[in-house]
Undergrad: 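Structure provided below as structure tokens; questions to follow.
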Amino acid sequence: HVQLVESGGGSVQAGGSLRLFCAVSGGTNSRYSMGWFRQPPGKKREKVAIINSDESTTYAEVVKGRFTISRDSGNASLALQMNNLKPEDTAMYYCAAGPVWFMTAAETLGAIASGGYWGQGTQVTVS
């Protein structure tokens, strides 16, 4: 049974930095993609960054140059370094893991995408 547990969220002033972590237990397919999504209050869950099994990465345009996604080779953990945070980055941040097609579906469908795994989320507040 795969579980994803996020940590590292918190409150920070604009311009500050946070580093989010996602611990993966229960084992995942080494070919899975992993990613970070976020959901601002009252809005749809949206992609932040995705890292694939070949280490290729994609980022939402609004975070490019500020956020960096990384993971360990065994898919046991995922991280998101967030620099120069802005108030509009305020959201619940979710870790996700699954096949490439799940990530693609999640970009379109948000939280209702199935076929992969979601964590419970960690809150990031920028003021």
Side-chain angles (χ1 to χ4, degrees):
H1 179 62
V2 176
Q3 286 189 311
L4 309 178
V5 179
E6 302 93 337
S7 62
S11 297
V12 65
Q13 291 188 335
S17 298
L18 283 174
R19 187 174 179 86
L20 304 184
F21 292 95
C22 174
V24 182
S25 62
T28 60
N29 189 317
S30 61
R31 289 175 290 182
Y32 275 4
S33 295
M34 299 186 73
W36 290 98
F37 291 73
R38 67 186 183 187
Q39 190 163 9
K43 296 187 177 180
K44 179 185 170 184
R45 193 170 298 185
E46 60 187 18
K47 183 190 87 172
V48 176
I50 292 172
I51 184 166
N52 298 306
S53 58
D54 63 358
E55 301 303 311
S56 60
T57 57
T58 58
Y59 293 90
E61 285 297 323
V62 294
V63 306
K64 277 185 178 179
R66 299 189 297 124
F67 292 11
T68 303
I69 189 171
S70 61
R71 70 178 191 183
D72 76 331
S73 59
N75 269 5
S77 66
L78 183 71
L80 184 70
Q81 179 65 41
M82 305 186 295
N83 298 328
N84 191 21
L85 283 160
K86 303 176 181 181
E88 51 264 44
D89 294 318
T90 294
M92 185 72 78
Y93 283 70
Y94 296 89
C95 176
V100 171
W101 56 261
F102 165 72
M103 293 297 176
T104 302
E107 288 186 59
T108 303
L109 301 175
I112 66 171
S114 61
Y117 302 95
W118 292 102
Q120 292 300 307
T122 185
Q123 178 68 38
V124 172
T125 302
V126 185
S127 60

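Bear in mind that the values here come from a model prediction, so they are computed numbers and not experimental data.
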Undergrad: Treat each ILVMFWY residue as a node, draw an edge where side-chain heavy atoms are under 4.5 Å apart, and state whether Tyr93 and Tyr117 are in one component.
TA: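 Looking at the clustering, Tyr117 is in the same group as Tyr93.
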
Undergrad: Could you check if a side-chain atom of Tyr59 sits within less than 4.5 angstrom of a side-chain atom of Arg66, using non-hydrogen atoms only?
TA: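 The answer is no; the side chains never approach within 4.5 Å.
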
Undergrad: Could you tell me which non-hydrogen atom of Ala97 sits nearest to which non-hydrogen atom of Tyr32, and how far apart they are?
TA: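 Scanning both residues completely, I find the closest heavy atoms to be C-CD2, 4.3 Å.
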
Undergrad: Using the side-chain contact (heavy atoms from CB on, under 4.5 Å) definition, which of the options Met103, Met92, Glu46 pairs with Phe37?
TA: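 So the option named by the test is Met103.
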
Undergrad: For residues Asn84 and Phe67, determine if any side-chain heavy atom of one lies less than 4.5 Å from a side-chain heavy atom of the other.
TA: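 Asn84 vs Phe67: side chains apart.
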
Undergrad: Looking only at non-hydrogen atoms, find the nearest pair between Ser17 and Asn83 and report the distance.
TA: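 Nearest heavy atoms, Ser17 then Asn83: OG-OD1, 3.0 Å.
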
Undergrad: Looking at Arg19, I'd like to know if its CZ atom is crowded, meaning that more than 12 non-hydrogen atoms belonging to other residues, nucleotides or ligands lie closer than 6.0 Å.
TA: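 Yes, because the 6.0 Å sphere around CZ of Arg19 holds more than 12 heavy atoms from other groups.
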
Undergrad: I need the single residue from Ser33, Ser53, Cys22 that forms a side-chain contact (heavy atoms from CB on, under 4.5 Å) with Arg71. Which is it?
TA: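 Among Ser33, Ser53, Cys22, the one that satisfies the side-chain contact (heavy atoms from CB on, under 4.5 Å) with Arg71 is Ser53.
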
Undergrad: Does the plane of the ring in Tyr94 sit parallel, tilted or perpendicular to the ring in Trp118? Use 30° and 60° as the thresholds.
TA: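 Because their plane-to-plane angle is over 60°, the rings of Tyr94 and Trp118 count as perpendicular.
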
Undergrad: Supply the atom-to-atom distance Trp36 CH2 to Ile50 CD1, rounded to the nearest 0.5 angstrom.
TA: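 Reported value, rounded in 0.5 Å steps: 13.0 Å.
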
Undergrad: Any non-hydrogen side-chain atom of Arg38 less than 4.5 Å from a side-chain atom of Thr90?
TA: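 No, too far: nothing below the 4.5 Å cut-off.
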
Undergrad: Going only through I, L, V, M, F, W and Y residues with side-chain contacts under 4.5 Å, is there a path from Val62 to Met82?
TA: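 Yes, Val62 and Met82 fall within the same hydrophobic cluster.
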
Undergrad: Please report the closest heavy-atom contact between Gly115 and Pro99, naming both atoms and the distance.
TA: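 Residues Gly115 and Pro99, closest heavy atoms: O-CD, 3.6 Å.
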
Undergrad: Does the side chain of Val124 reach to within under 4.5 Å of the side chain of Leu20, using non-hydrogen atoms?
TA: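 Val124 reaches Leu20 side chain to side chain.
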
Undergrad: Nearest heavy-atom pair of Leu18 and Val12: which atoms, and what distance?
TA: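 Smallest heavy-atom distance, with atoms named: CD1-CG1, 4.1 Å.
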
Undergrad: Test side-chain contact (heavy atoms from CB on, under 4.5 Å) on Ile51 and Leu78 and set out the steps.
TA: CA-CA 9 Å; Ile51 184 166; Leu78 183 71; 3.8 Å; yes

Undergrad: Should we say atom CD of Gln120 is surrounded by more than 12 heavy atoms from elsewhere, each under 6.0 Å from it?
TA: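 12 or below, so no.
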
Undergrad: With distance as the sole test, does Lys44 use its side chain to make a donor-acceptor pair with the main-chain N or O of Thr108 at under 3.5 Å?
TA: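 Checked: pair present.
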
Undergrad: Give me the atom names and distance for the closest heavy-atom approach of Met34 to Ile69.
TA: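 Nearest heavy atoms, Met34 then Ile69: O-CD1, 4.1 Å.
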
Undergrad: Please report the interatomic distance CD(Gln123) to CD(Glu6), rounded to the nearest 0.5 Å.
TA: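 It is 12.0 Å, given to the nearest 0.5 Å.
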
Undergrad: Any idea which heavy atoms bring Asn52 and Val100 closest together, and the distance?
TA: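 Shortest heavy-atom separation between Asn52 and Val100 comes out as OD1-CG2, 4.3 Å.
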
Undergrad: Might you confirm whether atom CD of Gln13 has over 12 heavy atoms from other residues, nucleotides or ligands at distances under 6.0 Å?
TA: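 No.
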
